[in-house]
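Lettering follows sequence order; numbering is per chain, from 1.
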There are 2 protein chains.
Amino acid sequence: MTEPMYRQIADDLRARIESGAFAQGAKLPTESELRVGYGAARNTVREAVRLLASRGLVESRPGLGTFVTRHVEPFVTTLAAAPLPGGQGAPLASGIGEDDGFAGIRAQGRTPSASGPQVIVEPAADSVAVRLGVPSGAQVVGRRRERYIDGRPWSLRTSYYPFEFVAKGGTDLVRAEGLPGGAAAYLEQRLGLVQVGYTEHILVRPPMADEAKFLELPDDGRESVLTVVRTCYWSAEYGLAPFKVTVTVLPADRVVLVINSGVVPGGTAPEPAPGDHADSAVA
Amino acid sequence: MTEPMYRQIADDLRARIESGAFAQGAKLPTESELRVGYGAARNTVREAVRLLASRGLVESRPGLGTFVTRHVEPFVTTLAAAPLPGGQGAPLASGIGEDDGFAGIRAQGRTPSASGPQVIVEPAADSVAVRLGVPSGAQVVGRRRERYIDGRPWSLRTSYYPFEFVAKGGTDLVRAEGLPGGAAAYLEQRLGLVQVGYTEHILVRPPMADEAKFLELPDDGRESVLTVVRTCYWSAEYGLAPFKVTVTVLPADRVVLVINSGVVPGGTAPEPAPGDHADSAVA
DNA sequence: GCAAATTTGTTCGTATGTATT
DNA sequence: CAATACATACGAACAAATTTG
């Protein structure tokens, strides 16, 4: 029944953090100070601090000290605003996959920006090949942008197209420049592709090295990324066919996705409610 | 530039795991064996194992040993199948929030089950109160079910209603029994509430104690839960009003949400592509 | 049911390396 | 360069969980 000492120390430190005794960003006592304060070995207080770090409450930096993690306000992204069967409603394209979403970000009083697209031509990863309807390992064109909010890294978005689109007239796909009017308009104009629907897959997974680096996620595998994979379809002569796969990678703990369906209050998504982290509490 | 020894050991073990030298569920060498194998102190190999454990590659159990984590196939859940403005399409209610979703689960060849509802009457958490449009701390009725797939815990779902619904005729809301025909039909029959739309909020957060226990998540704060909060609206005389808030909590690393919009292939959601964990890789 | 053996978990002490100011 | 603070590494001992005889 008796808790190990390092857990007791961790619980005590947690209580002091949550009570506000240590404010966000404040420096914790050094390991030496904690050692004498709790009458434990330095290794033991290190175990306690490590436990808190693994839960994201504190961060340690060599030569500096240990600091209470600053809480980042989650950012609300409207994923889809689907209309009712008979009715009026938001257009098909919206939010995370289709346009740049900049209007929605500005509406929240924050400043979006993005890098110019980086163009990658490579054999398709399996997940992309399957969704894009091309053979495994077939060449695809990837157009990747790094997106920022208020100057801080926010998301990585890569759109993949079959490489044959380039040969069939979509030569600008491999130019590392923005497409005036957007990729959708370009593909419609050059190739006659008109989007009629899309499927989105949402999943949470550990970040890959490049993602962790850009999003400034810790290297300890604690924080995950939320990934939205949008597969876009057009109506070809022979039936529905995918023509684009867009992969958006976001830090999982800093994002709230919103989906509206049918008639909902306001044209825009509601703000996140306070205390979303306490949802579903049971007495 | 030289990597610390515990990282080298961890990298070597990882390579051996990923190469298949240690299969899923296989037992790693004991700490004593690793100590002599790598010529390091036991604490050092423990650091290496801890690093792998923090990334979810292995799990240690006292008295038994350390084992390669078994990969759990993610389960696909269709969140919304929104129809086109003019068109035919799936009905408004579907997937995770509205019905029980059992049909979709059976369609994947798996066996769903659920506990009978547990009824909770308590002051609303802030997030519920705001979304349900009741004063902070007002009494709400919560109906919670524990849901299983193939006998393994899958999700916790709690639907909240204003307590005044009970006084106004919805007395069965506080009975710990299933409502024949579902809660929607019951509310329509007894109170004349017809759902016209809903908003869903999707977020990732650390599990609370009861959630971690039910979902069998490790206690180390590594795995998160994915939470879907659905707010349902009806068209009251005075305008749109929320009447139900449903909170669904799922293990974040075992779920893929699917959203269809417009015309997409098949009536049902596509299977998850292989290697979703490698999405958006850049050469 | 108990005792022994095995294996991981906790705690201590010490020394040295590395990052930052 | 010096001081400070966290990071790495070693060695040792005992505790707790589990299996086995």
side-chain hydrogen bond (donor to acceptor under 3.5 Å, both in side chains) filter on B:Ser60, not counting sequence neighbours, yields B:Thr66

From CD of A:Glu33 across to C1' of D:dA5 the rounded distance in Å is 10 Å

So, with a heavy-atom separation below 4.0 Å from DNA chain C, the residues of residues 37-65 of chain A are A:Ala40, A:Ala41, A:Arg42, A:Asn43, A:Thr44, A:Pro62, A:Gly63, A:Leu64

Span of DNA chain C engaged by chain A, first through last nucleotide within the 4.0 Å heavy-atom cut-off, is C:dT10 to C:dT21

Hits for side-chain hydrogen bond (donor to acceptor under 3.5 Å, both in side chains) against A:Asp12, two or more places apart or cross-chain, chain-then-number order -> A:Tyr38

Sorted by chain and number, sequence neighbours left out, side-chain contact (heavy atoms from CB on, under 4.5 Å) with A:Ser136 holds for A:Asp126

Sorted by chain and residue number, the side-chain hydrogen bond (donor to acceptor under 3.5 Å, both in side chains) partners of A:Arg50 (sequence neighbours excluded) come out as B:Glu47

By side-chain hydrogen bond (donor to acceptor under 3.5 Å, both in side chains), B:Arg55 pairs with (sequence neighbours left out) none

By salt bridge (Lys or Arg N to Asp or Glu O under 4.0 Å), B:Arg222 pairs with (sequence neighbours left out) B:Asp220

Check your understanding: Touch check for B:Ser32, heavy atoms < 4.0 angstrom, all strands: base, sugar-phosphate only, or nothing?
Key -> nothing

Salt bridge (Lys or Arg N to Asp or Glu O under 4.0 Å) pairs touching residues 25-42 of chain A, sequence neighbours excluded, are A:Glu31-A:Arg42, A:Glu31-A:Arg46

| Are A:Arg205 and A:Glu211 within salt-bridge range, i.e. N to O under 4.0 Å? | yes

Judged by nearest nucleotide, the residue sitting upstream toward the 5' end of DNA chain C, A:Pro4 or B:Thr30, is B:Thr30

In whole angstroms, the gap separating P of D:dC6 from CG of A:Leu28 amounts to 9 Å

